[in-house]
There are 2 protein chains.
Amino acid sequence: MGPVFSQSASDPVRLTDAMRSVFVELLVHGPLSRAEVARRLALSPSALTKVTKPFIEAGYLLEAAGEGPATVGRPSQPLQVDASRMAFVGIKLTEDELFAVRTDLRATIQKEVARPLAGHEIDHVCGQIADVVGELTVPGSPLSAVGISLAGTASPSDPVVHTSPFLGWSQLPLAKLVEEAVSVPTVLDNDVRALTAAQQWFGEGVGHSSFALVTVGAGIGCGLVVGDRLVTGQSGGTGLVGHLQIDDHGPLCERGHRGCARAYASSPAIRRSIASALDLPDLTFDDCLAMAAGGHPVARRVFDDAGAALGQVVATVANITGPELVILSGETVHMYQVCAEAFQAALIRHTHWTTTPVRVAVKPFAFNEWARGAAVTALQHLLLHR
Amino acid sequence: MGPVFSQSASDPVRLTDAMRSVFVELLVHGPLSRAEVARRLALSPSALTKVTKPFIEAGYLLEAAGEGPATVGRPSQPLQVDASRMAFVGIKLTEDELFAVRTDLRATIQKEVARPLAGHEIDHVCGQIADVVGELTVPGSPLSAVGISLAGTASPSDPVVHTSPFLGWSQLPLAKLVEEAVSVPTVLDNDVRALTAAQQWFGEGVGHSSFALVTVGAGIGCGLVVGDRLVTGQSGGTGLVGHLQIDDHGPLCERGHRGCARAYASSPAIRRSIASALDLPDLTFDDCLAMAAGGHPVARRVFDDAGAALGQVVATVANITGPELVILSGETVHMYQVCAEAFQAALIRHTHWTTTPVRVAVKPFAFNEWARGAAVTALQHLLLHR
DNA sequence: CCGATTTATTCTTCCTGTCAAGTAAAGAAG
DNA sequence: CTTCTTTACTTGACAGGAAGAATAAATCGG
């Protein structure tokens, strides 16, 4: 049971391109027979026995006994990655909290931790991260990589936080600092891009070579996969759809834009609109949602407007990038149920007339999805770029 | 001087990936020494002598005598592709005309032909195309490929025109028909994408792994290059920015959208706005431009609005896709000179506040650029996908 | 004129993935 | 029950592409 993946920088086990792509194909597309993988990747059948053997010997791949539909010919022997063979930690940093999860190779969450962030000084945050990583480490199985995600311009290619509005950081080499503190390879990425990575390999994006992810919550975000590659814009800035102009007589956002998407569809904006129209300053977002579901005219109108804004955002993204699919997610996607008609109407209205509206998949969101996304970023980086 | 590139389907000369990438690198990035190419493509120096030798023997690469800056060490020997070694024809189809150019390997136009299209029946159009191709063929040097571009949903991967608003076609296997008529490999693509390809290899896009091209003219278009790859959206639809909503009290476009980008910035809309405001129905677009340049208040305002609309389109595209650069081009880009301030102001205003505005390059446009783009599509297809 | 330095070439070596041939494991047909 | 067909997998020989090492070439600085 020799090593297959490099355990450290001083132990350079070489993975060929074929080995990498076969492993990723099996990881992402579940149990597949060697013959099927060979067909998908345009490799010869013999290449597959050769490539899979070291993985099987090292315990990364298992020969799943699960039979497929009985056909003529020798039955195929599905292969499957042993998800427990590696472990990752993903951490999402917000202004005042730190969410962390430990996942296996298939991004299944095994343990999770949340803790408040008292301050934003680097040492404090690094200390908290190291602490949490320690808490999530299981003696027997060492971590393969750590991923950290946050709102702001960051990308795995340069391990520096350029600007983070929430945390008030700039030009901070966070990945390097954490890597030294916990002695595990650490990558840093934008939170929406991390979530997009999770969808690409383990979510609705599986099987689509191009798709967009639109998130709604405290803000509105957008991640992009084009040609099977996660798009990283110039200086980490992609999917900045929050301030897309919806109309020019709508509510104001905090940057002084009238009628931009955030001002219509972000959860604070929705809450504020309803609370101020009804003069009930203590309404929560969930109160608002319940009112809309119950048919309250003010809440209905605000959510309808929000849905329409979202539909326009999705249509605009789809018009420009032409994805196969748009995934709708984020902390407050569940509001889709009360504004689906307004969303669909706006989507159709703003879709360019020469094409049909994109397929939209609404993906329920759990609060730990952000941290899971960070774990997937770490996993992808380990598997693809090392 | 044996063949290097496959001359026909029955003559399968195999190009390795290394050969292909070296040839393209030299074609796109001009004369480079072997050592320099080796560094750029992460190949060994020895690989370069081996790879370049057959190209040199077959006459596709020349050892340019041009000396670089004198440095210590053995002087490098720059290599250069012999642009005259191959010829391409690019054809742009419009509603009532057909533009065609013959170019060399470096997309330099050598000859051009324009002729009216009397009708849109397939046989007539194919006949005209075959005619023009014949006219552009030089006895000694056979054509390597033909490219055809048109407005509408078409892409090289499926040689069928799905819908073409101008020509009234649908589901027409045009590439196959032309290929049979002229016996030269033929590819079909959307016109904006073809123009983007030309910019990618031989224009402002050279050296940028991601950029967007925004065109203004009869309509507004957008092409995208992400990660060095030209983006082809689902069913060929990318860059459909023409009907992007700018505001909701502006002029009407022909699809009934109020205040969409075309209604502000397309040349017919600009002309119409000024002509109707002044009750001068016979004004041409160039008249309007001259009036704006001369300071006429109505023309100024209309062009300022158009510039602002364009700036918003560019900012929106940049926010969503995060390109390194946006190239502005199209039949009426020269109008930029009278609306630069309005454009820049709108660009800044609509750029997401966490990033700096994209760099914008204004690219003068000649009427044969569309056809040249089609030729580059053919060239790229030949070099990359065969 | 002699090292230093960088480029280019040649020859050997390594190594990945294909090819061809053979084995394994089922169902189908006689 | 035997034989054929079909598909999946394995094995070993082989091709060929690129790296590595050694060498030649060309220029500059002293």
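A note on names: the letters A, B, ... follow the listed sequences, proteins ahead of strands, and every chain is numbered from 1. Since we're looking at a predicted model, the values are computed, not measured.
In this entry the distance linking CD of B/Q77 with C1' of D/dA26 reads 11 Å, nearest Å. When the C1' atom of C/dT16 is taken as reference, atom CG of A/L15 falls 13 Å away, rounded to whole Å. Atom C1' of nucleotide C/dA8 and atom CG of B/L61 are separated by 15 Å, given to the nearest angstrom. Note: CG (A/L48) to P (C/dG17) measures 10 Å, nearest angstrom. Atom C1' of nucleotide D/dA8 and atom CZ of A/R40 are separated by 17 Å, given to the nearest angstrom. For the pair B/I56 CD1 and C/dA8 C1', the computed distance is 11 Å after rounding to whole Å. A/K53 places its NZ atom 15 Å from the P atom of C/dG17, with the value rounded to the nearest Å. Remark: P of D/dC9 and CD of A/E63 are 9 Å apart, rounded to the nearest angstrom.
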Report each atom pair, protein N/O against N/O of nucleotides 15-19 of chain D, whose distance is under 3.5 angstrom.
from	atom 1	to	atom 2	distance (Å)
D/dA18	N7	B/K50	NZ	3.1
D/dA19	OP2	B/S44	N	2.8
D/dA19	OP2	B/S44	OG	2.5

Set out, line by line, the N/O atom pairs under 3.5 Å between protein and nucleotides 4-7 of chain D.
from	atom 1	to	atom 2	distance (Å)
D/dT6	O2	A/G73	N	3.4
D/dT7	O2	A/R74	N	2.7

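One finds no salt bridge joining B/R20 and B/E25 here, because no Lys/Arg side-chain nitrogen approaches an Asp/Glu carboxylate oxygen to under 4.0 Å. A salt bridge does not link A/E57 to A/K53: none of the charged side-chain nitrogens sits closer than 4.0 Å to a carboxylate oxygen. Comment: A/E36 engages A/R40 in a salt bridge, judged by a side-chain N to carboxylate O separation of less than 4.0 angstrom.
The minimum heavy-atom distance between A/L27 and A/L105, with the atom names listed, is CD1-O, 3.5 Å. Counting all heavy atoms, side chain and backbone alike, A/A212 lies closest to A/L224 at CB-CD1, 3.7 Å. Of all heavy-atom pairs between B/L382 and B/S144, the closest is CD2-CB, 3.9 Å.
A side chain to side chain contact (heavy atoms under 4.5 Å, CB included) with B/R102 is found for exactly one of B/V138, B/V133, B/T108, B/I109, namely B/V138.
One finds the OG1 atom of A/T377 at 11.5 Å from the CZ atom of A/R372 (value rounded to the nearest 0.5 Å).
B/F23 pairs by the ring pair (Phe, Tyr, Trp, His ring centres under 6.0 Å) definition with B/F5, B/F55, not counting sequence neighbours.
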